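In what follows, every heavy atom counts, from backbone to side chain, and hydrogens, waters and symmetry copies are set aside. Just so it is clear, the structure is predicted and the values come from calculations on it, not from any experiment.
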Amino acid sequence: MITTEATPSKFKPYTRQTIQQARQWQWLTPELQEAVQVVSHVLPFRVNAYVLDELIDWDKAPDDPIYRLTFPHRDMLPSQEYEQLRDLVLVKKDEAATAKLVHAIRMRMNPHPAGQMTHNVPRVNDAPLKGLQHKYKETVLFFPSSGQTCHAYCTFCFRWPQFVGMDDMKFDARECSELVSYLENHPDVTDVLITGGDPMIMNTRSLAEFLEPLLEPNLAHIQNIRIGTKSVAYWPQRFVSDKDSDDLLRLFEKVVRSGKNLAIMGHYNHAVELRHPIAQQAVKRIVGTGATLRMQGPLIRHINEDPKSWAELWTTGVRLGAIPYYMFVERDTGPRDYFALPLARAHQIFQEAYSMVSGLSRTVRGPSMSAFPGKVVIDGVVTINGEKLFALQFLQARNPEWVRRPFFAKYDPDATWLDHLKPAFGRDKFFFEMESGGPLRGPGGRVIPLVPATQRDAA
């Protein structure tokens, strides 16, 4: 493995326009460099010195998992699209035609899966609240505008439209007032997830402006404040050596002292992200404030198919005080065909990893699909009356009455998403499709009210 310099202490990002300045750029073949320059016109590309110096094994590039996690590849686009785009970008250098083709490709990629734009955005006085999502009854997602970037971008990211200039599809809120007002009028909400992008890209003072209003007595019904972040893997210095890292930990302590549970939702995709001493120090400092750190990430072809990597990640996290939480199925968006794994294979990987760890790591749930009707977990593969089936259930749902209700689908070795599955036992529809009056698989589906049917009937 190529040796690296000292661990970077100052954050330095690189994009398509500046990646040539990184010393590692010269280690790539012309074909790999071309792929970055071409594909990054469609998908966001941003990396930093810590990822380049400490996480990528350059002797194994492009097959190194963190390289594939951060650098675009030509196979992320169909060959015909790639050649068309390459010709426009590198040969004709036609910016107008490039922009037109890029837009067409992005719209083909299902930029907002699972009804994020069409069904999850709450409305007040018939006006959408641009920086909020409210899919599940008890949880509201909040997107502060100053947190809508990341220390580095993941090539699989299901929120890639946030980063590529698709402003009409972007979630962002410039201030906290609309969130507070919405929460005051929704006492059933117990959880707020501050997400992005990555809220930890903000300095502590800016983050406090969004967190501290949630601690006021008028929002006593808010019990849990979550912060979704990849910084624990891509820039753990945020919690250790950044100039305001100590202030950040004091802010965490303030939230905990208020009586709220503060949960840092750490996005980890591979065991290597938690091997570095500074990444482990970050975990210890976070949990030392009284906050919890929960570990989650999707299962991604080319990157983390090895069950041993998952087992190492979970056991290392538990040793440091973190809680394994979710293994997700890669969502049906972006370069989906490049990253997707069959659900049968996903279940096999999860089961093998799960069998390698002790009970303390078995808090993890998966493989779970964050689909349109809710979070659907693959419980297993079973045979009933001679029919091979997937056993499934909702861990979370648009209609709370569906949660933990088992259901079955015909076994399909090639299926990679809920939409690909067919009901078992000769039925035409799954139970949740029948109860909602139609398919719940995309923007055409009906909105499911955020209260149980019994409460709606009483009202």
For this session: State whether the number of non-hydrogen atoms from other residues, nucleotides or ligands found under 6.0 Å of Asn385 atom CG is greater than 12.
Result: no
Exercise. So, His73 side chain and Asp75 main chain: donor-acceptor pair closer than 3.5 Å or not?
Worked result: no
Problem set entry | Thr229 versus Asp198, side-chain donor and acceptor atoms under 3.5 Å | yes
Exercise. Step by step, would you call Thr70 with Tyr153 a side chain to side chain contact (heavy atoms under 4.5 Å, CB included)?
Worked result: CA-CA 6 Å; Thr70 52; Tyr153 292 144; over 6 Å; no
Problem set entry | Closest non-hydrogen atom pair, Leu418 against Pro373 | CD2-CG, 3.9 Å
Problem set entry | side chain to side chain contact (heavy atoms under 4.5 Å, CB included) between Leu211 and Leu251, worked out | CA-CA 9 Å; Leu211 288 182; Leu251 176 61; 3.7 Å; yes
Exercise. Which of parallel (below 30°), tilted (30 to 60°) and perpendicular (above 60°) describes Tyr326 and Phe328?
Worked result: parallel
For this session: Give, for atom CD1 of Ile264 and atom CD1 of Ile323, the distance between the pair rounded to the nearest 0.5 Å.
Result: 11.5 Å
Exercise. Judged by atom type as modelled, is there a donor-acceptor pair below 3.5 Å linking the side chain of Thr315 to the main-chain atoms of Ala311?
Worked result: yes
Problem set entry | Note: Arg238-Asp244 ion pair, threshold 4.0 Å (strictly below) | yes
Exercise. So, Lys308 and Glu352, do they make that salt bridge, N to O below 4.0 Å?
Worked result: no
Exercise. Nearest heavy-atom pair of Val232 and Gly266: which atoms, and what distance?
Worked result: CG2-CA, 3.8 Å
Exercise. Under 30°, 30 to 60°, or over 60°: which ring-plane class applies to Trp235 and Tyr50, parallel, tilted or perpendicular?
Worked result: perpendicular
Exercise. Does the side chain of Val283 reach to within under 4.5 Å of the side chain of Leu274, using non-hydrogen atoms?
Worked result: yes
Seminar exercise, completed: In this structure, CZ of Phe431 is separated from CD of Glu401 (nearest 0.5 Å) by 10.0 Å
Exercise. Among Arg404, Glu138, Lys375, whose side chain to side chain donor-acceptor pair (under 3.5 Å) with Gln396 holds?
Worked result: Glu138
Exercise. Could you give the distance from CG (Asp428) to NZ (Lys422), rounded to the nearest 0.5 Å?
Worked result: 11.0 Å
Exercise. Can you check side chain to side chain contact (heavy atoms under 4.5 Å, CB included) on Lys388 and Val381, steps first, answer last?
Worked result: CA-CA 7 Å; Lys388 193 173 185 180; Val381 177; 3.7 Å; yes
Exercise. Are Lys230 and Asn269 linked by a side-chain donor-acceptor pair shorter than 3.5 Å?
Worked result: yes
Problem set entry | Within 6.0 Å of CG in Asp337, more than 12 heavy atoms from elsewhere | no
For this session: State plainly whether the residues Glu312 and Arg275 are in salt-bridge range, i.e. N to O under 4.0 Å.
Result: yes
For this session: Report yes if the side chains of Asn224 and Lys260 come closer than 4.5 Å at any heavy-atom pair, otherwise no.
Result: no
Seminar exercise, completed: Which of Thr155, Ile66, Ile56 passes side-chain contact (heavy atoms from CB on, under 4.5 Å) with Phe71? It is Ile56
Exercise. CZ/Phe339 to SG/Cys157 distance, rounded to the nearest 0.5 angstrom?
Worked result: 10.5 Å
Problem set entry | Sidechain N-carboxylate O distance under 4.0 Å for Asp191, Arg226 | yes
For this session: Walk me through it: do Phe432 and Phe407 pass the test ring-ring contact (aromatic ring centres under 6.0 Å, His included)?
Result: CA-CA 10 Å; Phe432 51 89; Phe407 65 102; 5.5 Å; yes
What donor-acceptor contacts under 3.5 angstrom involve side-chain atoms of residues 287-300, with partners at least two apart or in another chain?
residue	atom	partner	partner atom	Å
Thr289	OG1	Ile286	O	2.6
Thr289	OG1	Ala291	N	3.3
Thr292	OG1	Leu262	O	3.4
Gln296	NE2	His267	NE2	3.3

Exercise. Taking only residues two or more places apart in sequence or in another chain, which ones pass side chain to side chain donor-acceptor pair (under 3.5 Å) with Glu253?
Worked result: Arg250
Exercise. Does one side chain, of Asn218 or Glu184, offer a donor that lies under 3.5 Å from an acceptor on the other?
Worked result: yes
Exercise. Should Arg108 and Glu81 count as side-chain neighbours, where that means a heavy-atom distance under 4.5 Å?
Worked result: yes
Problem set entry | Distance flag, aromatic centroids of Phe45 and Tyr14, threshold under 6.0 Å | no
Exercise. Do Glu433 side-chain atoms and Phe430 backbone N/O form a donor-acceptor pair below 3.5 Å?
Worked result: yes
Exercise. When you measure from the centre of the six-membered ring of Tyr234, is the NZ or CZ of Arg46 under 6.0 Å away and within 45° of the axis?
Worked result: no
Exercise. Side chains of Thr316 and Trp314: does their closest heavy-atom pair fall under 4.5 Å?
Worked result: no
Problem set entry | Side-chain heavy atoms of Met200 within contact of Leu248, under 4.5 Å | yes
Exercise. Would you say the side chains of Arg68 and Tyr338 form a donor-acceptor pair under 3.5 Å?
Worked result: yes
Exercise. Do the side chain of His151 and the main chain of Asn48 share a donor and acceptor less than 3.5 angstrom apart?
Worked result: no
For this session: Hey, could you give me the OH/CG distance between Tyr136 and Leu141, rounded to the nearest 0.5 Å?
Result: 9.5 Å
Problem set entry | Residues in salt bridge (Lys or Arg N to Asp or Glu O under 4.0 Å) contact with Asp246, at least two apart in sequence or another chain | Arg285
Problem set entry | Donor-acceptor contact present, side-chain Ser258 to main-chain Val255, <3.5 Å | yes
Problem set entry | Exam field: side chain Trp417 to backbone Arg331, donor-acceptor pair closer than 3.5 Å | no
Problem set entry | Arg301, CZ: over 12 other non-hydrogen atoms inside 6.0 angstrom | yes
Exercise. Do Arg405 and Phe394 meet the cation-pi criteria used here (NZ or CZ under 6.0 Å from the six-membered ring centre, within 45° of the axis)?
Worked result: no
Exercise. Can you name the closest pair of heavy atoms from Leu219 and Pro213 and give their distance?
Worked result: CD1-O, 3.6 Å
For this session: Could you tell me whether the side chain of Phe425 reaches within less than 4.5 Å of the side chain of Leu389, counting heavy atoms only?
Result: yes
Exercise. Is there side-chain contact between Ile225 and Leu215, with at least one heavy-atom pair below 4.5 Å?
Worked result: yes
Exercise. How far apart are the closest heavy atoms of Arg16 and Ser40, and which atoms are they?
Worked result: CD-OG, 2.8 Å
Exercise. Taking the side chain from Ser245 and the backbone from Asp242, do they hold a donor-acceptor pair closer than 3.5 Å?
Worked result: yes
For this session: May I have the step-by-step check of ring-ring contact (aromatic ring centres under 6.0 Å, His included) for His347 and Phe390, ending in yes or no?
Result: CA-CA 10 Å; His347 177 260; Phe390 284 119; 7.9 Å; no
For this session: Kindly indicate whether the side chain of Asp419, heavy atoms from C-beta on, has any atom under 4.5 Å from the side chain of Phe372.
Result: no
Problem set entry | Side-chain donor or acceptor of Ser206 paired with backbone N/O of Met202 under 3.5 Å | no
For this session: Under the side chain to side chain contact (heavy atoms under 4.5 Å, CB included) rule, what do Ile278 and Gln237 come out as? Steps first, then yes or no, please.
Result: CA-CA 7 Å; Ile278 198 168; Gln237 290 88 332; 3.4 Å; yes
For this session: Could you tell me whether a side-chain N or O of Glu273 sits under 3.5 Å from a main-chain N or O of His270, the two making a donor and an acceptor?
Result: yes
Exercise. Does any N or O in the side chain of His134 come within less than 3.5 Å of the main-chain N or O of Lys137, such that one atom is a donor and the other an acceptor?
Worked result: yes
